[in-house]
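Everything below concerns the one structure shown next.
Atoms within each ligand, like the ligands themselves, are counted from 1 in listed order.
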Amino acid sequence: MTHSSWSLGAAMAVLEPLRAEPGPVLMALQAIQREFGFVPDEAVALIATTFNVSRADVHGVLTFYHDLRTTPALENEIKICVAEACQAVGSRVLEKALKATYKEEVCDAFCFGNCALGPAVMVNGKLIGRATLAKVAEEIK
Ligand code: FES
């Protein structure tokens with residue numbers, strides 16, 4: 001997916017349709033991220049001004065939701081479930097192997113609702129059950 005480079009005009013075009021929405025901060029952050037690939041610092045101030053909320057309110061929502069990012073996305077996003085059911089079937093061992101191979105592209109997550117097919121890994125939004133290093137590598141290529 002390609003994203004636009006940041007511009008005030010493009011950001012306003014994304015935010016304008018949300019003016020009539022009640023409590024639009026989360027929707028505004030998601031819309032900005034869809035457009036630009038992440039939420040730049042400039043967008044926090046713009047959302048606060050546009051929707052008459054404090055920058056702290058916007059920052060609070062931005063930092064609460066892990067899927068909202070403040071930096072451009074890496075080439076691949078790999079999330080591994082480290083909740084109990086997946087740990088019981090080896091997610092911590094797989095986590096070590098993934099982090100050794102893919103380093104900063106790997107982050108921990110807590111339950112994708114795929115507990116019966118653990119260890120569960122999500123690669124660029126696609127859920128992989130009974131995940132292995134080979135299955136992840138296959139998904140990335
Ligand atoms: S515990 Fe891993 S998907 Fe639920």
Side-chain angles (χ1 to χ4, degrees), residues 1-8 10-141:
M1 176 178 218
T2 57
H3 299 287
S4 305
S5 297
W6 171 259
S7 79
L8 184 59
M12 284 309 298
V14 164
L15 297 180
E16 200 58 44
L18 301 175
R19 279 191 187 270
E21 298 289 337
V25 172
L26 178 57
M27 286 187 291
L29 289 165
Q30 291 169 324
I32 289 290
Q33 184 162 297
R34 271 193 306 275
E35 181 69 22
F36 302 107
F38 69 108
V39 180
D41 285 342
E42 300 94 318
V44 172
L46 182 63
I47 290 169
T49 303
T50 303
F51 299 109
N52 197 27
V53 295
S54 73
R55 291 173 96 169
D57 288 339
V58 178
H59 183 76
V61 175
L62 176 59
T63 54
F64 181 80
Y65 292 100
H66 289 251
D67 283 340
L68 293 171
R69 54 177 57 252
T70 56
T71 57
L74 298 168
E75 189 173 342
N76 293 294
E77 182 181 58
I78 303 165
K79 297 177 182 174
I80 180 162
C81 175
V82 293
E84 288 79 3
C86 283
Q87 280 191 44
V89 290
S91 71
R92 288 295 189 186
V93 173
L94 180 58
E95 176 194 18
K96 270 189 177 174
L98 287 171
K99 287 182 175 174
T101 306
Y102 300 106
K103 300 182 177 54
E104 71 275 354
E105 293 176 311
V106 181
C107 65
D108 295 348
F110 293 90
C111 196
F112 298 122
N114 197 41
C115 317
L117 296 175
V121 173
M122 190 172 284
V123 177
N124 299 325
K126 182 178 178 188
L127 186 61
I128 299 171
R130 301 202 198 289
T132 62
L133 198 54
K135 282 184 172 181
V136 171
E138 180 65 28
E139 189 59 37
I140 286 176
K141 55 174 202 186

Identify, by atom number and element, the atoms of ligand 1 in contact range of [X], meaning under 4.0 Å from any of its heavy atoms.
| X | result |
| --- | --- |
| Cys111 | 1 (S), 3 (S), 4 (Fe) |
| Phe112 | 3 (S) |
| Ala83 | 1 (S) |
| Ala85 | 1 (S) |

Exercise for the section: Mind checking the SG-CD1 spacing from Cys86 to Ile80? Nearest 0.5 Å is all I need. Expected result: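 If we round to the nearest 0.5 Å, Cys86:SG and Ile80:CD1 are 7.5 Å apart.
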Practice task
Can you measure from CZ (Arg130) to NZ (Lys135) and round to the nearest 0.5 angstrom?
Solution key: 8.0 Å
Problem - Backbone or side-chain N/O/S of Cys86 under 2.8 Å of atom 4 (Fe) of ligand 1 - result: no
Practice task
Could you confirm whether Cys81 has any N/O/S atom lying under 2.8 Å from atom 4 (Fe) of ligand 1?
Solution key: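 For Cys81, the answer is no, given that no N, O or S atom comes within less than 2.8 Å of atom 4 (Fe) of ligand 1.
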Problem - Note, Val39 side chain near Arg69 side chain (heavy atom, < 4.5 Å) - result: no
Handout entry: Main-chain N/O of Ile78 paired with Glu105 side-chain donor or acceptor, under 3.5 Å
Key = no
Handout entry: Test log, rule salt bridge (Lys or Arg N to Asp or Glu O under 4.0 Å), inputs Lys99 and Asp108
Key = CA-CA 10 Å; Lys99 287 182 175 174; Asp108 295 348; 3.2 Å; yes
